[in-house]
Protein chains: 2
Amino acid sequence: MNPTIKDIAQRANVSYATVSRALNNKPFVKEATRRRVLSLAKELNYTPNALARGLVKKETRTLGLIIPDITNPFYPEVAQGIQEGAGDSGFSVFLCNTNWDHDQELHYLNLLEEKRVDGIILAPIENQVDVVEPHIRNRIPVVYLDKAPRKTRNSYVMIDNVRGGFLATRHLIEQGYDTIGFIGAAEDSLTIDDRLKGYRMAMEQNRLKVHDDFVRFGNYRQVTGYTIIQSMIGSGRYPRAVFAENDLIALGVMQGAREAGLKVPEDIAVIGFDDIPFASFPEVQLSTIRQPKHQMGRTAVEIILQQIKAGNGGPTAASVKRVLLEPELVVRRSSRSR
Amino acid sequence: MNPTIKDIAQRANVSYATVSRALNNKPFVKEATRRRVLSLAKELNYTPNALARGLVKKETRTLGLIIPDITNPFYPEVAQGIQEGAGDSGFSVFLCNTNWDHDQELHYLNLLEEKRVDGIILAPIENQVDVVEPHIRNRIPVVYLDKAPRKTRNSYVMIDNVRGGFLATRHLIEQGYDTIGFIGAAEDSLTIDDRLKGYRMAMEQNRLKVHDDFVRFGNYRQVTGYTIIQSMIGSGRYPRAVFAENDLIALGVMQGAREAGLKVPEDIAVIGFDDIPFASFPEVQLSTIRQPKHQMGRTAVEIILQQIKAGNGGPTAASVKRVLLEPELVVRRSSRSR
DNA sequence: GTGAAAGCGCTAACAG
DNA sequence: CTGTTAGCGCTTTCAC
């Protein structure tokens, strides 16, 4: 059995309240007593019980992080930023992976609540309509990451997706491409809506026509880009350039195009979104819109910690923070016309 | 404040023990009472307190997972397997990322102990000498993943690294290469020791000389392969083929070689280890030794759950399981001589 | 400085 | 079937 403060107290001939004080560096403990307790604790191999402590203090110094897909290279970098930021403030992080499954998302939301985490950082699966918020019972502060329900009352950090979509498309236009396609994940996605909006804005500004055939949707994985571009090419009509909603899809597009005998960027240009590590690999050289992933994570932590400190669980006018990070255009070979 | 079973009990006019029974689907509760309790619970938005429950039951149905680097594409896939396996048995997973920092590793080990997780799956940083085991106080079952201290008393799951190193090297030899280099991470690594052993075995069996200059070490990241190969090339003497200890390093080698004007595989062949998703990307086509990452994760969970069920915390002859998974040679363009 | 005692929210005997 | 009671290990008043 694990030793408890009572075991220490007994051996130290003090009450266990004193042991608690000594262990927690509280004032009003004689230095000698403190030392005795500390050495005894070490000797007995004492490890405090976070459950018991959490129960009485009503805080666990733990954050929950829910992400949809840990194998998408975008998230690990964000998660790293979060863990670092949390660690700096003595918080640890419960990482939950939903695998794009909405039930899983709900399940984890619930679980984190049961575990009484002090705050939740949620990178939600798509949801225009907010199915999540009713489940967050306003007891635990939540900050959305990467995307957020359209009119949420909670805090969020994400990239300016309209701007990102605009930058990507304008860049392709400036390179001289005039038929530009868009390939995204789920059609009802907030993120994609915005990126698409940016795309349309840029097209419109330059009086370019958006061909509905060239605006297509699938899921978040590489295979989406691969199949869609191949079907376009197979049909004989395909755009001269493609703006893919994320780098994984963009890589799929490159792969599909190349297998169909097209050259990138000579026959078809491609730009992605995220700037995952492999986009910069010399034989990939994928142009993209960079997201400050690490910073996104750290910002999310800052916000949530602030909200935790403010107490009062649910979002209040004072504590809610909405942060839009700036996207950055990164031009590589996949979209350079010369 | 969160409602508790007492709040429910009061409203339902039963004792709170009855509420507990009803909520936990224990027998001997009148169906009507149970229904009343359940509906009240929903109405009050009751969420059980896992801390309180854990405190009395002395189990948290939570696993801890410690990995060195979440941004290395190898780990997310393993982690996914673990989460799935755990989820199937109603366990959740605390994912901790040490960032190759030994102090972090110790810190998390401690933290997980404080949180009273039921078991720990540990993909340790390198350590010949076992600095970790003294910290695992034999109260919580541990299973090592990916690598394990040489003569640990605990369970582990990993790949047969000697075999993997052998397969990789033999393949290069069969392709006709005779000067073959090895680039690995930390020199005192168990994993690398074994892969290197396999490499030496294959070389020896074929009466090939191992040039010490061609056996070099760095860290686990891409940059290692990049710098080492460039320095070799710069010095004028470099091997005709390289066996890199992991895919990331191998990618660095490809990159470095290409930037130095060499063609892969025509001028220099490369094979990696792991089979991360990007190894199969058409413009990468990296040959490699595949690790069954998902299965590795699931196996680790199976073992740990078994050990948890067996109780008795520390490793016992009966519960300890050592599993060596089979590596698989995957030949792609980067190592094909014709 | 230190001890005694209450209580965090829940489970698990033990009675009835 | 249900209530009573005793903790789980810890923090936190309130006395002394």
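Quick note on labels: first sequence line is chain A, next is B, and so on, each numbered from 1.
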Handout entry: Phosphate-side-chain proximity, A/Lys58 and C/dG9, N/O vs OP1/OP2 below 4.0 Å
Key = yes

Exercise for the section: Tell me what B/Pro48 touches on the nucleic acid: a base, only sugar-phosphate, or nothing, going by heavy atoms under 4.0 Å. Expected result: sugar-phosphate

Handout entry: Atom-to-atom span, CD1 of B/Ile8 to P of C/dC10 - whole angstrom
Key = 8 Å

Exercise for the section: Write down the atom of A/Leu51, the atom of B/Arg116, and the distance for their closest heavy-atom approach. Expected result: CD1-CB, 4.0 Å

Practice task
Could you please name the option among D/dG3, D/dT2, D/dC10 that lies closest to any side-chain atom of A/Ala52?
Solution key: D/dC10

Exercise for the section: Send over the distance from A/Asn13 CG to C/dG3 C1', rounded to a whole Å. Expected result: 13 Å

Completion exercise
In whole angstroms, the gap separating C1' of D/dC10 from CG of A/Asn2 amounts to 14 Å

Problem - Spacing of B/Asn24 atom CG relative to C/dG9 atom P, expressed in whole Å - result: 17 Å

Exercise for the section: Verify the distance criterion only: is there a donor paired with an acceptor across the side chains of B/Lys321 and B/Thr299 at less than 3.5 Å? Expected result: no

Fill in the blank from the handout: A/Lys115 NZ to C/dC10 P, in whole Å, measures 15 Å

Handout entry: Side-chain donor-acceptor contact under 3.5 Å, B/Thr60 with A/Lys115
Key = no

Practice task
Check whether any side-chain heavy atom of B/Gln80 lies under 4.5 Å from a side-chain heavy atom of A/Asp69, and answer yes or no.
Solution key: yes

Problem - Over all atoms of both residues, closest heavy-atom pair of A/Asn99 and A/Asn97 - result: N-ND2, 2.9 Å

Practice task
Could you tell me whether B/Asp7 contacts a base, only the sugar-phosphate backbone, or nothing, with contacts defined as non-hydrogen atoms closer than 4.0 Å?
Solution key: nothing

Handout entry: Under-4.0 Å side-chain N/O to phosphate OP1/OP2 contact, A/Thr18 with C/dG1
Key = no

Problem - Distance-only polar pair, side chains of A/Tyr75 and A/Asp146, donor-acceptor under 3.5 Å - result: yes

Handout entry: Whole angstrom value for the distance that separates C1' of D/dC14 from CZ of A/Phe28
Key = 14 Å

Exercise for the section: Write down the distance between CG (A/Leu55) and P (C/dT11), rounded to a whole number of angstrom. Expected result: 12 Å

Practice task
Check the distance between D/dC10's C1' and A/Lys6's NZ and give it to me in whole angstrom.
Solution key: 9 Å

Exercise for the section: May I ask you to verify if any side-chain N or O of A/Ser15 is less than 4.0 angstrom from the OP1 or OP2 atom of C/dG3? Expected result: yes

Grab the N/O contacts between the protein and nucleotides 12-16 of chain C below 3.5 Å, and write none if there aren't any.
from	atom 1	to	atom 2	distance (Å)
C/dA12	OP2	B/Lys26	NZ	3.0

